[in-house]
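Structure first, commentary second.
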Amino acid sequence: MNLSIREIAKELGLSPRTVYRYVEEHRGYLEVSREGKRLFVGQQCLPVLKTITECYRQGMTASKVHAELARQNTPDVIEAAAEGQAALATTTGDPLSL
């Protein structure tokens, strides 16, 4: 199930603009889809978004948040679209090894 930016904002107690910024900055760790102008994030990504939120609340910079996600072995998400279909792959290692 996918969640809208507004749904995520409500769940995390953040503004939609903040959630959008987090999603754009850390998109590589999230399953993101777009319907028209609206962004959606897979519900299974809520724990990652909670980690991102907590990191920023602790005063971390974006690069430190990336480092923390990598340290926690959060899988990178690689998206590839092919003629109307989207393919997703996750990896905790070298993305070139796919």
Side-chain angles (χ1 to χ4, degrees):
M1 177 177 169
N2 289 328
L3 300 173
S4 71
I5 296 296
R6 287 192 187 279
E7 291 170 321
I8 294 167
K10 185 176 180 181
E11 176 76 24
L12 299 177
L14 300 169
S15 73
R17 181 70 194 133
T18 298
V19 172
Y20 181 81
R21 189 168 29 90
Y22 289 178
V23 168
E24 287 300 313
E25 181 67 39
H26 304 288
R27 193 176 197 137
Y29 295 98
L30 304 166
E31 290 184 27
V32 180
S33 62
R34 184 178 292 274
E35 290 181 22
K37 293 184 179 183
R38 296 182 67 196
L39 282 180
F40 292 90
V41 178
Q43 184 174 9
Q44 70 277 12
C45 296
L46 268 179
V48 176
L49 286 162
K50 287 178 181 179
T51 298
I52 291 168
T53 301
E54 186 57 35
C55 287
Y56 280 113
R57 286 184 176 152
Q58 293 175 17
M60 291 185 186
T61 62
S63 62
K64 287 184 180 179
V65 174
H66 281 289
E68 179 63 19
L69 293 172
R71 186 189 71 74
Q72 292 183 13
N73 291 323
T74 302
D76 291 323
V77 176
I78 299 171
E79 298 180 49
E83 295 187 7
Q85 295 182 349
L88 293 175
T90 59
T91 177
T92 54
D94 178 10
L96 298 177
S97 67
L98 293 173

Quick one, [X] and [Y] - any side-chain contact, counting heavy atoms below 4.5 Å?
X     : Y     : value
Leu3  : Leu46 : yes
Arg57 : Leu14 : yes
Gln72 : Val48 : no

Q: Determine the sole option in His66, Lys64, Met60 for which the side chain to side chain contact (heavy atoms under 4.5 Å, CB included) test with Cys55 is passed.
A: Met60
Q) Of all residues at least two apart in sequence or in a different chain, which pass the ring-ring contact (aromatic ring centres under 6.0 Å, His included) check with Tyr56? A)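 Partners of Tyr56 by the ring-ring contact (aromatic ring centres under 6.0 Å, His included) criterion, ordered by chain and then number, come out as Tyr22, His26.
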Q) When rounded to the nearest 0.5 angstrom, what distance separates OG in Ser4 from CZ in Arg6? A) 8.0 Å
Q.
Return the CZ to CD1 distance between Arg21 and Ile52, rounded to the nearest 0.5 Å.
A. 11.5 Å
(Q) Just to verify, what does Glu35 make a side-chain hydrogen bond (donor to acceptor under 3.5 Å, both in side chains) with, not counting sequence neighbours? (A)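 Residues passing side-chain hydrogen bond (donor to acceptor under 3.5 Å, both in side chains) with Glu35: none at all.
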Q. Got a sec, which residues hit side-chain hydrogen bond (donor to acceptor under 3.5 Å, both in side chains) with Arg71, two or more places apart in sequence or on another chain?
A. Glu68
Q. Considering all heavy atoms of both residues, which atom of Leu30 and which atom of Cys45 are nearest to each other, and what is their separation?
A. CD2-CB, 3.7 Å
Q.
For a quick test of reading the model, state the closest non-hydrogen atom pair linking Ser33 to Asn2 and the distance between them.
A. OG-ND2, 3.6 Å
Q) Does Val41 belong to the same Ile/Leu/Val/Met/Phe/Trp/Tyr cluster as Tyr20, with side-chain heavy atoms less than 4.5 Å apart forming each link? A)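 Linked, Val41 and Tyr20 end up in one cluster.
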